[in-house]
Amino acid sequence: MDLQLSEQEIFRREALAAMRNSGINPYPADQVPVNFLSKTIKSEFPTTPENFSSVCVAGRIMTKRIMGKASFVSIMDSSGRIQGYINRDIICPKEDKTLYNDVFKKQLDIGDFISLEGHVFTTKTGEISVHVSHMKVLSKSLKPLPVVKTDSEGGTHDAFTDPELRHRQRYVDLIVNEGVKDVFVKRTKVFNSMREVFNNEGYLEVETPILQSIPGGAAARPFKTHHNALDIPLYLRISNELYLKRLIVGGFDGVYEFAKDFRNEGMDRTHNPEFTILEIYVAYKDYKWMMDFTEQMFENITHKITGSEKISFDGKTINMAAPYARVPILEAIKTHTGHDLLGKSEKEIKSIAESIGIEVSAEMGKGKLIDEIFGEKCEKHYTQPTFITDYPVEMSPLCKKHRDDDRLTERFELFINGTEIANAYSELNDPIDQRERFEEQLRLLEKGDDEAMFVDQDFLRALEYGMPPTSGMGIGMDRLVMLLTGKTSIQEVLFFPQMRQEKAE
RNA sequence: GACUCGAUAGCUCAGCUGGUAGAGCAAUACACUUUUAAUGUAUGGGUCCUGGGUUCGAGCCCCAGUCGGGUCACCA
């Protein structure tokens, strides 16, 4: 699509041709005998200089400083940057100075990949550098990178900041913006440390279908697609919950999946159409156990990722150390609105909601009303990790009724910084109760609630074979990563957030 | 979806009351054998997001659209 080349792009193509004319392959095929990362050299050279008499590093040129017959070049590898000192008469010991005068000085640009071989030394100004004896071109770059500079006080100049460009061209963002890579490395560390916790408990990581004919397990609008050979409609999953419970029926004691889910809804700072939820189901446990398990895990992974139990987010300090407060939802509503909703009818709750300024509509059932009141008046108060528990039965069609009060369920949601991070149940395993709950959802569906759940007959059949008491939880991984990396936008923790097409054609 | 702000050189931005477009970095050329936001001198580089309109004249004003940010709504 780049029919029109900029001046700089033309210069780079000319440099590419010139390089070939000098007998240099700008895209060689051979392996590069890299034996050190820049980070290792910088951290270990001061104590064991004898190990660095013959190093080979490779990376992308980030700056070039030419001072006549000697030059400095900074290259960036996966671990950071290192400087090379390039002296004309050292890399060109014979008559022919082409490699220095033409290739290095003129044909190599910021963005090109090179390898440097030589010994490590410290320059007059104290920077650990590679004293280069051999330089090789590894790959020519044809597009100019944004040049971000950092001054001696650590200030950044000419930062590459346009969010559209940063997200569309994440590869450029990763190259030039310090700290971006780190967010994604942390993201993977979060996943890995949770995996470690689950695997140590003996839980099995599994995979379940993404293409589902009944999009179940959550209240959300699905993406619809079509299978040609079967000639049937299929949906991208909005949740994997019902499949993981089938596996508990099948006899696994603990299963988990880091699941990409897809919801065909609005996008904003905390929603992307595809996102990742960790779902875990453990047999013979209840939601109280899950709270203990969760707060312990969150304390551990926070420490592992950030080095502390305390995180700062958006100017607030959040203490992730266990234990977390446990507040029944109706208590929370009582505290923040003064209204006790326990035992109140749908009509009474509706008028209370209206009286405190909440917009209500005809198709809102009891569960939805309570959800609205909590969402509007309460959740923002829970900055520190708090388990909100015992949701009304109408809000939780897949959750077991509360052992002490059958108007409530054994459910918790974990709120941190006013946002829901986790949602967990003592899973409903009474197949007759489950069928009735589905039928209630069907009535809501007919009433026009387009988020009500579909009836999944095969899931009911599985429950009829018997499922042990089980506790299950879902954790919004993207939001958890946001929290642990201090990012306020989901786009900052996804490599490739959803965006509109760049060009109309 | 609503409101709002924005889009100008490769990047970050400036651009007066409407009078043919500017800076820093990057680029090109030259100088410079330990620099580091290297430096000095010179030079080139523009579909001012797109399409209409007003005007003698539009980067600037008006209308429509595209893409993005923010806020809200929807939604976990």
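Remember, predicted model here, so these are calculated numbers, not experimental data. Just so it is clear, the values below take in all heavy atoms, side chains as well, and ignore hydrogens, waters and symmetry mates. A note on names: the letters A, B, ... follow the listed sequences, proteins ahead of strands, and every chain is numbered from 1.
Protein atom CD1 of A:Ile490 is 13 Å distant from nucleotide atom P of B:G70, rounded to whole Å. One can place NZ of A:Lys64 at 17 Å from P of B:U33, the figure rounded to the nearest angstrom. Computed from coordinates, the A:Ile66 CD1 to B:U34 P distance equals 14 Å when rounded to whole Å. Residue A:Phe104 contributes atom CZ, which lies 14 Å from atom P of B:U33 at whole-angstrom precision. Between A:Asp89 atom CG and B:U34 atom P there is a gap of 13 Å when expressed in whole angstrom units. B:A27 atom C1' lies 12 Å from atom CD of A:Glu9, rounded to whole Å. As a whole-Å value, the separation of A:Gln169 CD from B:G68 C1' is 14 Å. The interatomic distance linking A:Arg81 (CZ) with B:A37 (C1') rounds to 11 Å, in whole Å.
Residue A:Arg221 is out of contact with every strand shown, counting any heavy-atom pair closer than 4.0 Å. Using a 4.0 Å heavy-atom criterion, one finds that A:Ala218 contacts no nucleic acid atom at all. If you check every strand for non-hydrogen atoms under 4.0 Å, A:Arg263 touches sugar and phosphate atoms only. A:Gln491 comes within 4.0 angstrom of sugar-phosphate atoms only, judged by non-hydrogen atoms across all strands, and of no base. Among the heavy atoms of the strands lying under 4.0 Å from A:Phe72 is at least one base atom, whether or not backbone atoms are also near. Note on A:Lys106: only backbone sugar-phosphate atoms sit closer than 4.0 angstrom, heavy atoms only; bases stay farther off. A:Thr161 comes within 4.0 angstrom of sugar-phosphate atoms only, judged by non-hydrogen atoms across all strands, and of no base.
Judged by the 6.0 Å and 45° rule, A:Arg411 forms no cation-pi pair with A:Tyr425.
Here the side chain of A:Lys487 pairs no donor or acceptor atom with the backbone of A:Arg479 at under 3.5 angstrom. Remark: the backbone N or O of A:Glu127 is paired with a side-chain donor or acceptor of A:Thr123 at under 3.5 angstrom. Looking only at distances, a side-chain donor or acceptor of A:Asn177 sits under 3.5 Å from a matching main-chain atom of A:Phe160. Counting only distance, with no hydrogens or angles, the side chain of A:Glu9 and the backbone of A:Lys143 share no donor-acceptor pair below 3.5 Å.
Using atom P as the reference point in both B:C60 and B:G19, the two lie 11 Å apart (nearest Å). Distance noted for atom C1' between B:U50 and B:G68: 15 Å (whole Å). Spacing between B:U17 and B:G57 at atom C1', rounded to whole Å, works out to 15 Å. Taking the C1' atoms as reference points, B:C25 lies 38 Å from B:C63, given to the whole Å. Only the C1' atoms considered, B:C49 is 29 Å distant from B:C74, to the nearest whole Å. Separating the P atom of B:A7 from that of B:G45 is a span of 25 Å, rounded to the nearest Å. One P atom belongs to B:G51, the other to B:G59, and the distance between them is 13 Å to the nearest Å. The separation of B:A26 from B:C11, taken at their P atoms, amounts to 15 Å, rounded to a whole angstrom.
In this model, a side-chain donor or acceptor of A:Thr123 finds a partner on the base of B:U35 within 3.5 Å. Not a single donor-acceptor contact under 3.5 angstrom links the side-chain atoms of A:Asp268 to the base of B:C72.
Between A:Arg65 and B:U35 there is no side-chain polar atom (N or O) within less than 4.0 angstrom of OP1 or OP2. In this structure, A:Arg168 reaches the B:G68 phosphate: one of its side-chain N or O atoms is under 4.0 Å from OP1 or OP2. Between B:U34 and A:Gln83, no contact under 4.0 Å exists linking OP1 or OP2 to a side-chain N or O. An OP1 or OP2 oxygen of B:A26 is reached within less than 4.0 angstrom by a side-chain nitrogen or oxygen of A:Lys149.
Screening A:Phe72, A:Phe45, A:Tyr85 for a ring-ring contact (aromatic ring centres under 6.0 Å, His included) with A:His131, the sole residue that qualifies is A:Tyr85.
Mapped onto RNA chain B by nearest heavy atom, A:Gly266 and A:Arg500 fall at different nucleotides, with A:Arg500 at the one closer to the 5' end. Nearest-nucleotide assignment on RNA chain B puts the 5′-proximal partner with A:Thr150, out of A:Met499 and A:Thr150.
The side chain of A:Met67 approaches B:C32 more closely than any other nucleotide in the set B:C25, B:A37, B:C32. Closest to the side chain of A:Glu164, out of B:C11, B:U34, B:G68, is B:G68. Picking from B:U28, B:G68, B:U35 the nucleotide with the shortest atom distance to the side chain of A:Asp109 gives B:U28.
A distance of 6.0 Å or more separates the ring centres of A:Tyr235 and A:Phe223. Checked against the 6.0 Å centroid criterion, the rings of A:Tyr27 and A:Phe113 do not qualify as a close aromatic pair.
With respect to the salt-bridge test (charged N to carboxylate O, under 4.0 angstrom), the residues A:Lys140 and A:Asp109 qualify.
Taking a 6.0 Å sphere around NE2 of A:His381, one finds it holds more than 12 heavy atoms contributed by other residues, nucleotides or ligands.
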Query raised in the report: In dot-bracket notation, what is the pairing pattern of RNA chain B, taking Watson-Crick (N1-N3 plus N6-O4 or O6-N4) and G-U wobble (N1-O2 and O6-N3) contacts under 3.5 Å, with [ ] crossing and | for other strands?
Result: (((((((..((((.....[..)))).(((((.......))))).....(((((..]....))))))))))))....

**Report entry** Heavy-atom protein contacts under 4.0 Å, nucleotides 43-50 of chain B, coded B base, S sugar-phosphate only, - none
**Finding:** -BS-B---

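In this pair, A:Phe36 and A:Phe52 present their aromatic rings tilted. The plane angle is within the 30 to 60° band.
For the pair A:Leu236/A:Glu274, no side-chain contact is recorded, criterion being any heavy-atom separation below 4.5 Å from C-beta on.
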